[in-house]
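These notes concern the structure reproduced below.
Numbered from 1 within each chain, the chains take letters A, B, ... in sequence-line order.
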Number of protein chains: 4
Amino acid sequence: MADKQVPSTIKDEALVMKRRNQMVKGAVTLFIEKGFHKTTTREIAKASGFSIGTLYEYIRKKEDVLFLVCDSIYQRVKARMEDDIDPAQVSSLIQAVHSYFYLMDEMQDEVVVMYQEVKSLPKDAQDYVLQKEREMVAMLEEVIRKHISGPCSEEKVQLIANNIFVQGQMWGFRRWILQRTFTIEAYADLQVRLLLEGLPLKEKRPSGNKE
Amino acid sequence: MADKQVPSTIKDEALVMKRRNQMVKGAVTLFIEKGFHKTTTREIAKASGFSIGTLYEYIRKKEDVLFLVCDSIYQRVKARMEDDIDPAQVSSLIQAVHSYFYLMDEMQDEVVVMYQEVKSLPKDAQDYVLQKEREMVAMLEEVIRKHISGPCSEEKVQLIANNIFVQGQMWGFRRWILQRTFTIEAYADLQVRLLLEGLPLKEKRPSGNKE
Amino acid sequence: MADKQVPSTIKDEALVMKRRNQMVKGAVTLFIEKGFHKTTTREIAKASGFSIGTLYEYIRKKEDVLFLVCDSIYQRVKARMEDDIDPAQVSSLIQAVHSYFYLMDEMQDEVVVMYQEVKSLPKDAQDYVLQKEREMVAMLEEVIRKHISGPCSEEKVQLIANNIFVQGQMWGFRRWILQRTFTIEAYADLQVRLLLEGLPLKEKRPSGNKE
Amino acid sequence: MADKQVPSTIKDEALVMKRRNQMVKGAVTLFIEKGFHKTTTREIAKASGFSIGTLYEYIRKKEDVLFLVCDSIYQRVKARMEDDIDPAQVSSLIQAVHSYFYLMDEMQDEVVVMYQEVKSLPKDAQDYVLQKEREMVAMLEEVIRKHISGPCSEEKVQLIANNIFVQGQMWGFRRWILQRTFTIEAYADLQVRLLLEGLPLKEKRPSGNKE
DNA sequence: AATGAATGAGGTTTCATTCAT
DNA sequence: GATGAATGAAACCTCATTCAT
């Protein structure tokens with residue numbers, strides 16, 4: 001919970017949540033536009049609809065805003081993933097991956113921010129946030145495990161999960177190249193097909209399967 | 001060529017190259033450690049082995065250092081790729097991808113920097129740098145095209161190339177999760193296998209192959 | 001109005017005026033002593049009685065201080081002229097010119113500053129300031145026109161006004177030569193007499209008066 | 001003599017003169033354009049046609065360039081005055097004043113520089129330069145004295161000389177207002193006429209002429 | 001005598017943070 | 001609880017001057 005990580009001088013917890021929501025909403029836009037470092041606290045305060053003084057009643061340092069923003073994004077993404085690719089609900093891996101890609105499309109901007117600014121967080125906040133990311137990858141792993149046929153090493157599952165996860169983000173952070181060629185539908189379709197089919201090569205594949 | 005993009009007051013071109021090499025060498029380390037924004041120009045000068053005044057004889061603005069660093073990394077990566085996965089030389093896609101992954105492993109730090117700081121470049125420098133990236137992806141495309149059997153849509157080739165490209169970088173920027181489980185050899189092996197094999201699913205695959 | 005030309009981040013307008021007054025007061029002294037270029041912003045802040053950070057809450061660039069100073073001087077001079085040589089009040093040209101010269105004597109330092117530093121203003125501020133100067137010359141023209149007998153070309157009026165105007169300033173910027181010989185009273189007296197009498201020459205004057 | 005005031009490390013005096021001429025020629029243009037303070041030594045060197053290192057073989061400090069420039073201008077103006085309004089040659093005050101005004105017209109730019117940058121000179125150089133100015137005023141005084149009829153107080157002569165002197169410069173530094181209305185011919189004509197005729201007033205002049 | 005690379009003091013400006021109201 | 005004026009450390013960058021070649 002963000003409240004535990006970022007103390008505020010304000011007692012009224014409901015108010016703290018409200019103000020922090022305003023803050024995150026304002027800041028995300030700015031971070032998308034110009035990045036964390038080029039955004040000033042004054043701009044954040046203004047975009048949030050209150051004064052610089054008030055801003056500092058709800059955070060201690062500028063970095064706290066970044067943390068709050070990242071945390072909010074992760075929470076939203078994770079919540080959506082829990083809804084959209086719930087292993088208990090989802091009927092196929094294909095459907096799950098499609099849902100995930102569409103989600104990444106919807107939240108492109110947020111994903112890019114989260115992606116590029118995490119390294120600006122203080123070490124401990126980074127750990128907190130990366131933990132969230134592990135959990136998301138774990139969700140993908142679970143879906144994969146559930147829908148795969150035959151035995152499959154844990155490592156393989158993990159790697160596939162990572163691949164899918166990154167391919168989702170990649171739709172956002174490589175839009176300058178991908179979104180010229182593909183629509184999100186085409187992208188999702190093709191990635192899924194590649195995932196399932198494998199590649200036919202001219203040469204013989206190495207046969208020694210030690211798996 | 002960097003010389004064209006970043007003017008220097010120094011006339012001796014050889015010296016400019018030499019000093020800029022020192023500069024890039026010093027700056028990369030700092031950027032890896034603390035990122036571009038948290039690195040000061042004085043630190044760059046010191047790490048480069050000359051005074052702040054001298055630094056500014058070879059660049060105009062701090063951003064120029066970032067550009068030089070990015071440019072240098074891209075150039076080195078690209079040069080290495082041209083050696084290692086030359087479509088004329090390389091005997092198989094598998095070998096090419098392996099080489100590319102090993103290269104990404106060697107240049108992890110640089111790749112991470114280049115990856116995370118590009119957005120801090122001025123717009124035109126970004127374009128310049130993204131062009132370089134397109135060229136690298138194109139190299140991968142060519143190798144794929146050469147070694148694939150049967151007909152394969154351009155889009156598919158492009159997407160596979162992007163996947164491989166990003167999976168290489170991912171080895172660096174997701175090391176906190178990947179390098180706990182895999183060695184680079186295992187990683188390369190497994191990624192290649194996934195690439196070739198496809199995934200066996202319990203359910204029927206959608207049959208409508210319009211390809 | 002200076003408020004329009006030089007934006008401030010401070011909202012309280014009264015405070016802006018107050019602080020800018022402090023600023024102008026402090027800066028004038030420094031500019032008189034050492035000139036605009038040799039005065040540092042830190043010195044200005046200190047002389048104004050606040051910190052460098054505060055200084056920059058009330059201006060954007062150092063040049064703004066110069067503009068504020070020039071504007072203030074012009075405003076004060078103009079206001080005094082409007083009081084002292086009001087064409088409706090003043091009973092004779094002689095009296096008006098005397099008043100003007102005494103004013104220039106009182107405000108010597110300011111006039112010298114304004115005079116020597118205008119060229120350091122950005123182009124648009126220069127125009128603004130020269131406009132003020134035109135207005136002052138126009139005041140003199142009006143007084144002249146009102147008190148002159150017989151027909152007199154506009155050009156002649158304009159030139160006389162300019163002469164008087166500059167002779168007033170000259171009392172300040174040529175003090176090193178003039179104030180060794182004259183008191184302001186003697187100076188004013190003699191200039192007025194010269195203005196009225198003309199010069200008796202040995203030779204015949206050129207007779208072709210096309211006026 | 002400038003050689004005495006500004007030492008050089010170079011022995012060959014002819015060379016010193018040559019180089020300093022180049023320097024002054026280059027610097028004047030720059031000072032006219034942007035003023036002394038905004039002109040860098042590098043720009044001066046380049047405009048002079050040699051390197052920054054060479055520049056410093058012929059001066060000690062940047063201010064020396066300003067001094068050399070001012071000195072050169074004063075010398076040229078003075079030399080021209082000695083030619084053009086030589087009291088032994090000139091046949092009338094009118095002609096002398098005309099010549100002086102035309103000279104000021106020719107040397108407008110130089111006069112403006114000299115006028116606005118003198119205060120940036122070190123104190124002792126200022127004295128040196130003001131002395132030159134006194135000498136020029138003295139030349140005007142002499143011409144006046146020679147051509148005036150009847151007795152005339154020294155002070156009056158001095159003041160008239162100063163007026164003429166400043167009116168000449170004024171043609172340059174108030175060009176933004178004067179040169180919209182007058183050609184130099186018209187300006188010279190009218191100033192001379194004003195000088196000779198005096199002003200007809202409606203009111204009685206004060207009669208107590210203690211002169 | 002000429003060069004131009006190197007230097008670093010010092011200038012302007014920004015901006016996160018505080019605290020009195 | 002909210003405000004916003006005040007602060008000053010510290011950032012970027014310039015440029016007069018030196019000195020080895």
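- Base pairing in DNA chain E yields stems of at least 3 consecutive Watson-Crick or G-U pairs, both distances under 3.5 Å, namely E:2-21 with F:2-21.
- In summary, A:E33 and B:K119 do not engage in a salt bridge, as defined by a charged side-chain N under 4.0 Å from a carboxylate O.
- The shortest heavy-atom contact between A:K25 and A:T29 is O-OG1, 3.2 Å.
- Between chain B and DNA chain E, the heavy-atom contact criterion of under 4.0 Å yields a 5' to 3' nucleotide range of E:dG4 to E:dG10.
- For the pair D:K38 and D:F31, the cation does not sit on the ring face, since its NZ or CZ is not both under 6.0 Å from the ring centre and inside 45° of the axis.
- In terms of position on DNA chain E, the residue among C:G53 and B:E57 whose nearest nucleotide sits closer to the 5' end is B:E57.
- Side chain to side chain, D:D71 and D:Y128 meet the donor-acceptor criterion of an N or O pair below 3.5 Å.
- Across the protein-nucleic acid pair, C:I10 atom CD1 and F:dT7 atom P stand 11 Å apart, rounded to whole Å.
- The shortest distance between side-chain heavy atoms of C:V111 and C:F173 does not fall below 4.5 Å.
- Atom CG of C:L55 is separated from atom P of F:dT7 by 11 Å (rounded to the nearest Å).
- A donor and an acceptor atom, one from each side chain of B:Q22 and B:S48, are nowhere located under 3.5 Å apart.
- The side-chain heavy atoms of A:I32 and A:V28, taken from C-beta on, include a pair separated by under 4.5 Å.
- Nucleotide F:dA11 holds its P atom 17 Å from the CD1 atom of C:I52, rounded to whole Å.
- When every heavy atom of D:S8 is checked against every heavy atom of D:R20, the shortest pair comes out as CB-NH2, 3.7 Å.
- For A:K61 and A:F67, the positive end is not near the middle of the six-membered ring at less than 6.0 Å and at most 45° from its axis.
- A straight line from OH of C:Y56 to P of F:dA11 spans 18 Å, rounded to a whole angstrom.
- Looking only at side-chain heavy atoms (C-beta outward), A:P7 and A:R60 come within less than 4.5 Å of each other.
- Partner of C:S120 under the side-chain hydrogen bond (donor to acceptor under 3.5 Å, both in side chains) criterion, out of C:K62, C:E63, C:Q126, C:H37: C:H37 alone.
- Here F:dG1 presents its P atom at 12 Å from CD of A:E13, a figure rounded to the nearest Å.
- The stretch residues 25-51 of chain A touches DNA chain E through A:T39, A:T40, A:T41, A:R42, each having a heavy atom under 4.0 angstrom from the strand.
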